[in-house]
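The next block holds one structure in the form of structure tokens; read it before the comments.
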Protein chains: 2
Amino acid sequence: MARDTTKRREALRDTLTDLAEAHVRADGLASLRARTLAREAGCAVGAIYNVFDDMTGLILAVNGRTFGRLGKHVSDAVAKVADAPPTERLVVMAIAYLEFASANPNLWRALFDVEMSTDRDVPEWYMQELGRLFAIIAQPLAELHPDPEPGEIDLMTRALFSSVHGIVLLGLENRISAVPRERMEGMIEFLLKRVTQTDA
Amino acid sequence: MARDTTKRREALRDTLTDLAEAHVRADGLASLRARTLAREAGCAVGAIYNVFDDMTGLILAVNGRTFGRLGKHVSDAVAKVADAPPTERLVVMAIAYLEFASANPNLWRALFDVEMSTDRDVPEWYMQELGRLFAIIAQPLAELHPDPEPGEIDLMTRALFSSVHGIVLLGLENRISAVPRERMEGMIEFLLKRVTQTDA
DNA sequence: TCTCCGTCTGAACGTTGTTCAATCCACTAA
DNA sequence: TTAGTGGATTGAACAACGTTCAGACGGAGA
């Protein structure tokens with residue numbers, strides 16, 4: 001009984017997450033409607049709240065999947081050039097990040113548009129996943145700086161990620177300025193090569 | 001008569017903008033309520049719509065002011081070191097940007113959190129103001145690259161602004177990681193010096 | 001078959017932004 | 001002075017939102 005209930009709930013959880021993901025992908029975060037989801041899932045509105053704390057909880061479930069795919073996309077890309085020089089690997093990762101964001105703009109934006117302010121605790125898997133991503137970035141940097149000061153690698157990791165993130169963010173946002181893709185790649189490559197070059 | 005009406009409307013416009021600005025500054029964009037503003041302004045809810053198209057219109061009015069102050073803050077900062085080397089001027093501007101964002105986090109965030117998607121047209125002054133800011137950045141870059149390829153300066157301008165913006169954004173956001181201010185300044189300075197150094 | 005208890009339901013609640021019929025008011029013409 | 005007029009202002013009403021909870025429901029044990 002208890003088991004049966006649990007299973008049904010998990011099934012509903014998955015169904016709702018699927019549906020929500022489809023909506024976010026197609027029309028963005030703001031298009032999520034509790035009633036629409038319930039209708040599509042064939043359940044009551046209240047059922048959503050048996051399975052998620054909140055609409056925010058549902059969004060976090062979607063973001064969890066997106067985060068996983070993003071991480072995999074970047075990992076896979078860098079795995080293909082595992083024996084390339086560190087800087088090139090960083091460029092490959094950054095371009096992979098751009099690719100993912102560009103291919104899934106709404107899902108990607110949703111990662112950063114959830115309001116974390118009211119939520120007391122950022123989910124632990126969120127930080128874990130972010131940590132994993134940062135670790136991937138940190139590795140080539142560590143190779144470039146074999147004898148770093150304490151915290152230096154971590155700081156450079158954040159700085160580089162933030163920079164690339166900023167470029168992708170503003171590049172994809174302003175469809176009015178519409179920076180072409182190859183230009184964005186050029187910007188990223190230029191930036192990373194400059195920043196990571198070791199002093200003679 | 002017509003004049004009188006116009007004056008009253010302008011006065012209401014200003015009052016509402018003042019109130020909205022105070023709310024955004026204190027509690028963020030999401031805390032704006034049409035009814036609250038009307039009560040505080042001593043007018044009817046409907047009156048807001050005599051003066052603004054939309055709540056979004058009101059937010060844009062607030063953002064207009066913020067944009068102006070941001071521009072002035074950056075301009076003033078760079079004016080004080082007008083005869084410093086280009087790279088140093090870029091650093092000063094970026095730090096000024098960080099200062100402003102850090103001192104007015106909610107107003108600053110509001111600049112980017114307005115949904116431009118449904119709005120057909122981004123207001124022209126928005127693009128103007130952005131253009132002005134970009135022009136300030138472009139000047140030191142032009143000095144560094146006296147013989148640029150077409151569009152190169154513009155692209156570097158965007159890249160640098162986006163990067164600094166990304167660093168400020170993620171640095172201020174994650175109060176969990178809480179990158180200290182001096183560290184952020186260090187990151188920005190490091191980045192800009194590396195990126196802008198001319199090849200030997 | 002009859003309880004009983006946990007599960008699920010969906011009408012109802014409180015808040016949103018936005019609208020528009022009704023009211024008001026300043027001014028003119030008789 | 002008063003009746004008429006037309007634009008400006010009002011605020012109750014509307015539609016849509018996320019969220020809740022009293023009650024309907026249904027399977028397991030006596």
Side-chain angles (χ1 to χ4, degrees), chain A residues 1-17 19-24 26-63 110 113-120, chain B residues 1-17 19-24 26-63 110 113-120:
Chain A
M1 173 189 62
R3 190 89 137 271
D4 195 47
T5 295
T6 303
K7 273 207 167 181
R8 234 200 337 240
R9 288 199 171 184
E10 274 177 16
L12 181 59
R13 237 186 110 88
D14 289 346
T15 304
L16 285 172
T17 311
L19 291 166
E21 183 180 321
H23 275 118
V24 174
D27 301 312
L29 237 189
S31 73
L32 274 191
R33 298 291 101 112
R35 285 169 179 76
T36 304
L37 286 173
R39 194 179 340 117
E40 291 173 344
C43 70
V45 237
I48 296 175
Y49 295 86
N50 295 337
V51 170
F52 292 103
D53 286 349
D54 235 326
M55 273 286 124
T56 303
L58 174 53
I59 294 169
L60 286 180
V62 172
N63 281 356
D113 284 354
V114 212
E115 23 186 333
M116 298 287 195
S117 53
T118 49
D119 291 335
R120 178 94 38 199
Chain B
M1 173 188 61
R3 188 91 138 270
D4 195 47
T5 294
T6 304
K7 273 207 168 181
R8 236 203 333 243
R9 289 200 169 185
E10 273 178 18
L12 182 57
R13 238 188 109 89
D14 289 346
T15 304
L16 285 172
T17 310
L19 291 167
E21 183 180 319
H23 275 119
V24 173
D27 301 312
L29 237 189
S31 72
L32 275 189
R33 283 320 73 128
R35 285 169 179 76
T36 304
L37 286 173
R39 192 179 342 115
E40 291 173 345
C43 69
V45 236
I48 297 174
Y49 294 86
N50 295 337
V51 169
F52 292 103
D53 286 349
D54 236 326
M55 274 285 125
T56 303
L58 175 53
I59 294 169
L60 286 179
V62 173
N63 281 356
D113 284 355
V114 212
E115 25 186 332
M116 298 288 196
S117 53
T118 48
D119 290 336
R120 179 94 39 197

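Small disclaimer: the values here were computed from a predicted structure and weren't measured.
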(message) Distance check needed: C:dG17 C1' versus B:Leu29 CG, whole Å only.
(response) 15 Å
(request) Could you tell me the separation between the CG atom of A:Leu58 and the C1' atom of D:dG18, rounded to a whole number of Å? (result) 12 Å
(message) Using a 3.5 Å distance criterion without hydrogens, assess whether the side chain of A:Arg13 forms a donor-acceptor pair with backbone atoms of A:Val51.
(response) yes
(message) What is the distance, to the nearest angstrom, from the CD1 atom on B:Ile48 to the P atom on C:dT19?
(response) 12 Å
(request) Grab the CG-C1' distance between A:Asp53 and D:dG18 for me, whole Å please. (result) 14 Å
(request) With DNA chain D as reference, determine whether A:Val45 or B:Val45 sits nearer its 5' end, using the nearest nucleotide of each. (result) B:Val45
(message) So if I apply the side-chain contact (heavy atoms from CB on, under 4.5 Å) rule between A:Phe52 and each of A:Leu12, A:Leu60, A:Thr17, A:Ile59, which one comes out positive?
(response) A:Thr17
(message) So, taking the atom named CZ in A:Arg33 and the one named CE in A:Met55, what distance separates them when rounded to the nearest 0.5 Å?
(response) 10.0 Å
(message) Taking the minimum atom-to-atom distance to the side chain of B:Tyr49, which one of C:dT18, C:dT9, D:dG18 wins?
(response) C:dT18
(message) Go nucleotide by nucleotide along DNA chain C from the 5' end; which of A:Asn50 and B:Thr36 gets its closest nucleotide reached first?
(response) A:Asn50
(request) Ignoring the backbone of B:Arg8, work out which of D:dT19, C:dG17, D:dT9 is nearest its side chain. (result) D:dT9
(request) Return no unless some side-chain N or O of A:Arg33 is found under 4.0 Å from OP1 or OP2 of D:dC17. (result) yes
(message) So, does A:Arg9 get its side chain near the phosphate of C:dT7, meaning an N or O under 4.0 Å from OP1 or OP2?
(response) no
(message) Students often get this wrong, so: under 4.0 angstrom with heavy atoms, is B:Leu12 touching a base, only sugar-phosphate, or nothing?
(response) nothing
(message) Classify B:Leu32 by what it touches in the nucleic acid, base, sugar-phosphate, or nothing, heavy-atom distance under 4.0 Å.
(response) sugar-phosphate
(request) Let me know the distance between CG of B:Leu37 and P of D:dT10, rounded to the nearest Å. (result) 15 Å
(request) Choose from D:dT19, C:dT7, C:dT16 the nucleotide whose nearest atom is closest to any side-chain atom of A:Arg35. (result) D:dT19
